[in-house]
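Structure, as C-alpha cells:
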2 protein chains.
Amino acid sequence: MLSNSSKYAIKGVLYLALNSDEDHKIMVRDIFEVVHVPEAYLAKLLQELSRHNIISSTRGPKGGFYLSAEDRKRTLMDIVRTIDGEKRVKSCVLGIQDCDMDNPCVLHKLVGANKSKFIKVLENTTILDLIEGKQEIKQFFPF
Amino acid sequence: MLSNSSKYAIKGVLYLALNSDEDHKIMVRDIFEVVHVPEAYLAKLLQELSRHNIISSTRGPKGGFYLSAEDRKRTLMDIVRTIDGEKRVKSCVLGIQDCDMDNPCVLHKLVGANKSKFIKVLENTTILDLIEGKQEIKQFFPF
DNA sequence: CATAAAAAGGATAAAAATGTCTTTTAATCT
DNA sequence: AGATTAAAAGACATTTTTATCCTTTTTATG
Ligand code: FES
Ligand code: FES
C-alpha cells in the first residue's frame with residue numbers, strides 16, 4: 001500500500017501541522033519520539049520533503065521544520081509521490097503496469113474501483129483537511 | 001498493498017487453475033515464462049504454497065504442481081496469508097497495528113472502509129471464481 | 001565576528017525482500 | 001533394482017528498503 005517511509009513522512013508532517021508555523025519551527029529532535037520514527041531517518045525524510053517544497057525549513061538557531069499556510073494545502077499524494085514515487089501506489093494489484101481500464105488484469109474488476117477510490121482520497125485530502133477540528137495529539141499518534 | 005511475492009504466487013496459481021488438474025500436473029519450467037516470474041523464485045513460492053496445502057504437487061516423473069478440486073476453493077487470502085502473512089495486508093495505512101475501529105488512526109475514517117472492502121474481496125474470492133468463464137490465458141497474464 | 005544551533009549531505013550499516021544455485025528426496029519407467 | 005525425472009529443501013547472492021553516523025553548510029544571536 002504505502003511504504004514505511006511514506007507512513008513515517010505523513011506522521012511527521014501531521015505533527016508539524018498540529019504544532020508548527022512560521023513562528024514556531026520544530027526540530028526533528030522534538031518530533032521523533034512522539035511519532036515513533038528513528039530520529040535520523042525522520043530527518044532524512046523531512047529533508048526530502050523540504051527539498052521538494054512539500055514542507056518548509058530553515059537552518060541555524062531557532063531553525064527547524066514547519067508548515068507554511070501553502071504547505072498545509074498539500075495533499076497526502078504530494079507526500080507519497082515525493083517519498084515513494086507515484087508508480088508504486090498506482091500500480092496494478094497483480095503487477096507493475098499502471099492500473100487502467102484499457103488493459104485490466106483479472107482482479108481489476110474486483111479491486112480496481114477500491115484502488116481508484118483510495119488514490120482519490122490521497123489526491124484530494126490535504127493536510128489541512130486532516131487536522132481541522134484540532135483534535136488531541138495523542139489521537140493522531142496512538143502508535 | 002501486496003508484496004511482489006504474493007502477486008507472483010497468485011499468477012502462478014491462476015496458471016495452474018487454467019491448465020492443470022490431478023491428471024495434468026505442470027512443471028515450473030512450463031509456467032514461469034507465461035506469468036513472467038523468475039523460474040527458481042516461482043518454484044520456491046509454489047513449494048511454499050504446497051507445503052501449506054494451498055496447492056498440490058507430486059515429485060518425480062509425471063510430477064508437477066496442480067490444483068485439486070479442493071484447492072480451487074481456496075481464496076486469494078489463503079495465498080496472501082501464506083506468502084506475506086495476514087498482518088501485512090491488514091495493517092493500518094499509517095502503522096503496523098491491525099486496522100480496527102477501536103483505535104483508528106486519523107486516516108481510518110477516510111480509507112478504512114476501502115481497505116476493509118479490499119480485504120473482503122481477498123477473503124471471499126476463490127480461485128474458481130476467478131477462472132469461471134475460462135477466458136483466454138493471454139487475458140490473464142498481459143504482463 | 002565568534003559561536004552555537006540546526007538542517008543538508010554523504011557514507012556506511014543492517015535488515016528485509018527478492019532472486020539463484022546445489023543437493024536431497026520421492027516417484028516413475030525401464 | 002537402477003536410471004531418470006521433478007519437486008523439496010536449504011544454502012547462497014543480490015537488491016532494495018530501512019536506519020545510523022558523521023561532516024559540512026547555513027543562519028541567528030550575543
Ligand atoms: S489492472 Fe490489475 S488491478 Fe487494475
Ligand atoms: S487504523 Fe489506520 S487505516 Fe485503520
Side-chain angles (χ1 to χ4, degrees), chain A residues 1-13 16 20 22-33 35-67 80 82-85 87-89 91 95-96, chain B residues 1-9 11-12 16 20 22-33 35-67 80 82-85 87-89 91 95-96:
Chain A
M1 190 93 77
L2 300 182
S3 72
N4 243 318
S5 296
S6 274
K7 295 174 183 181
Y8 288 175
I10 290 173
K11 292 204 280 179
V13 172
L16 291 177
S20 81
E22 269 94 335
D23 301 322
H24 299 90
K25 294 156 191 172
I26 304 189
M27 296 179 292
V28 174
R29 181 190 311 146
D30 297 325
I31 310 177
F32 80 99
E33 280 159 330
V35 300
H36 304 109
V37 178
E39 182 171 8
Y41 196 44
L42 179 59
K44 270 273 140 70
L45 294 169
L46 292 182
Q47 282 162 23
E48 184 82 0
L49 292 177
S50 180
R51 216 152 47 77
H52 286 81
N53 301 307
I54 310 295
I55 68 177
S56 305
S57 67
T58 60
R59 309 196 215 190
K62 294 284 168 189
F65 294 97
Y66 65 99
L67 296 194
V80 173
T82 303
I83 302 298
D84 284 347
K87 271 262 170 69
R88 171 158 184 162
V89 68
S91 75
I96 43 170
Chain B
M1 190 93 77
L2 300 182
S3 73
N4 246 318
S5 296
S6 274
K7 295 175 185 182
Y8 288 174
K11 293 204 279 179
L16 290 176
S20 81
E22 270 94 333
D23 302 322
H24 300 92
K25 295 155 192 171
I26 305 189
M27 296 181 291
V28 174
R29 183 189 309 147
D30 297 324
I31 310 178
F32 80 98
E33 281 159 329
V35 300
H36 304 109
V37 178
E39 183 171 7
Y41 198 42
L42 179 60
K44 197 181 231 189
L45 294 169
L46 293 183
Q47 282 163 22
E48 185 83 359
L49 291 177
S50 181
R51 214 152 48 77
H52 286 81
N53 300 307
I54 310 296
I55 67 176
S56 305
S57 66
T58 60
R59 308 195 214 192
K62 294 284 169 188
F65 294 96
Y66 65 99
L67 296 194
V80 173
T82 303
I83 303 298
D84 285 348
K87 271 261 170 70
R88 172 160 182 160
V89 68
S91 75
I96 42 170

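Values reported hereafter were calculated over all heavy atoms of this structure, with side chains retained and with hydrogens, waters and symmetry mates removed. Naming: A, B, ... by sequence-line order, numbering from 1 per chain.
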From the list [options], which nucleotide is the closest neighbour of the side chain of [X]?
{"X": "R51(A)", "options": "dG19(C), dG9(C), dA8(D)", "result": "dG9(C)"}
{"X": "Y41(B)", "options": "dC21(C), dT20(D), dT18(C)", "result": "dT18(C)"}
{"X": "F65(A)", "options": "dA7(C), dC29(C), dA19(D)", "result": "dA7(C)"}
{"X": "S50(B)", "options": "dA8(D), dC21(D), dT5(D)", "result": "dA8(D)"}
{"X": "K44(B)", "options": "dA11(D), dA28(D), dA17(C)", "result": "dA11(D)"}
{"X": "N4(A)", "options": "dT18(D), dT29(D), dA5(C)", "result": "dT18(D)"}
{"X": "R59(B)", "options": "dA5(C), dT25(C), dC21(C)", "result": "dT25(C)"}
{"X": "Y8(B)", "options": "dG19(C), dA11(C), dT24(C)", "result": "dG19(C)"}
{"X": "R29(A)", "options": "dT20(D), dA6(C), dA28(D)", "result": "dA6(C)"}
{"X": "S5(A)", "options": "dT18(D), dA7(C), dT20(D)", "result": "dT18(D)"}

Take the protein atom [atom1] of [X] and the nucleotide atom [atom2] of [N], then report the distance between them rounded to whole Å.
{"X": "R88(A)", "N": "dA17(C)", "atom1": "CZ", "atom2": "P", "result": "11 Å"}
{"X": "I26(B)", "N": "dA6(D)", "atom1": "CD1", "atom2": "P", "result": "13 Å"}
{"X": "M27(A)", "N": "dT27(D)", "atom1": "CE", "atom2": "P", "result": "18 Å"}
{"X": "F32(A)", "N": "dC21(D)", "atom1": "CZ", "atom2": "P", "result": "12 Å"}
{"X": "E39(B)", "N": "dA8(D)", "atom1": "CD", "atom2": "C1'", "result": "15 Å"}
{"X": "K25(A)", "N": "dA28(D)", "atom1": "NZ", "atom2": "C1'", "result": "10 Å"}
{"X": "E48(B)", "N": "dT18(C)", "atom1": "CD", "atom2": "C1'", "result": "14 Å"}
{"X": "H36(B)", "N": "dT18(C)", "atom1": "NE2", "atom2": "C1'", "result": "18 Å"}

How would you label the contact of [X] with the nucleic acid (heavy atoms, under 4.0 Å): base, sugar-phosphate, or nothing?
{"X": "G63(A)", "answer": "sugar-phosphate"}
{"X": "L42(A)", "answer": "nothing"}
{"X": "I83(B)", "answer": "nothing"}

If you define the side chain from C-beta out and look only at heavy atoms, does anything of L16(A) sit under 4.5 Å from I31(A)?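 Yes, side chains in contact.
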I'd like to check K25(A) versus K62(A) (side-chain heavy atoms, cut-off strictly below 4.5 Å). Are they in contact?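 Answer no - side chains too far apart.
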Non-hydrogen atoms of P38(A) and Y8(A) that approach each other most closely: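 For P38(A) versus Y8(A), the nearest heavy atoms are CD-CE1, 4.3 Å.
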Contact summary for K7(A) and G95(B), nearest pair of heavy atoms: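 Closest approach of K7(A) to G95(B): NZ-O, 3.7 Å.
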5'-most contact on DNA chain D: A40(A) or K62(A), nearest heavy atom basis?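 Looking at DNA chain D, the more 5' nearest nucleotide goes with A40(A).
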Along DNA chain D (nearest heavy atom to each residue), the more 5'-positioned of P61(A) and S3(A):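 Result of the comparison: S3(A).
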Criterion side-chain hydrogen bond (donor to acceptor under 3.5 Å, both in side chains) on T58(B) and Y66(B), from CA distance to verdict: CA-CA 9 Å; T58(B) 60; Y66(B) 65 99; 5.9 Å; no
Answer yes or no: side-chain N or O of Q47(B) and base N or O of dA8(D) forming a donor-acceptor pair under 3.5 Å.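 Per atom types, the contact qualifies.
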Is the shortest side-chain N/O distance from S57(A) to OP1 or OP2 of dA6(C) below 4.0 Å?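 So the side chain of S57(A) is outside the cut-off, no N or O lying under 4.0 Å from OP1 or OP2 of dA6(C).
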Identify all side-chain donor-acceptor contacts of residues 42-51 of chain A below 3.5 Å with residues at least two apart in sequence or on another chain.
unit_1, atom_1, unit_2, atom_2, d
E48(A), OE1, R51(A), NH2, 2.7
E48(A), OE2, R51(A), NH2, 3.4
S50(A), OG, S57(A), OG, 2.8

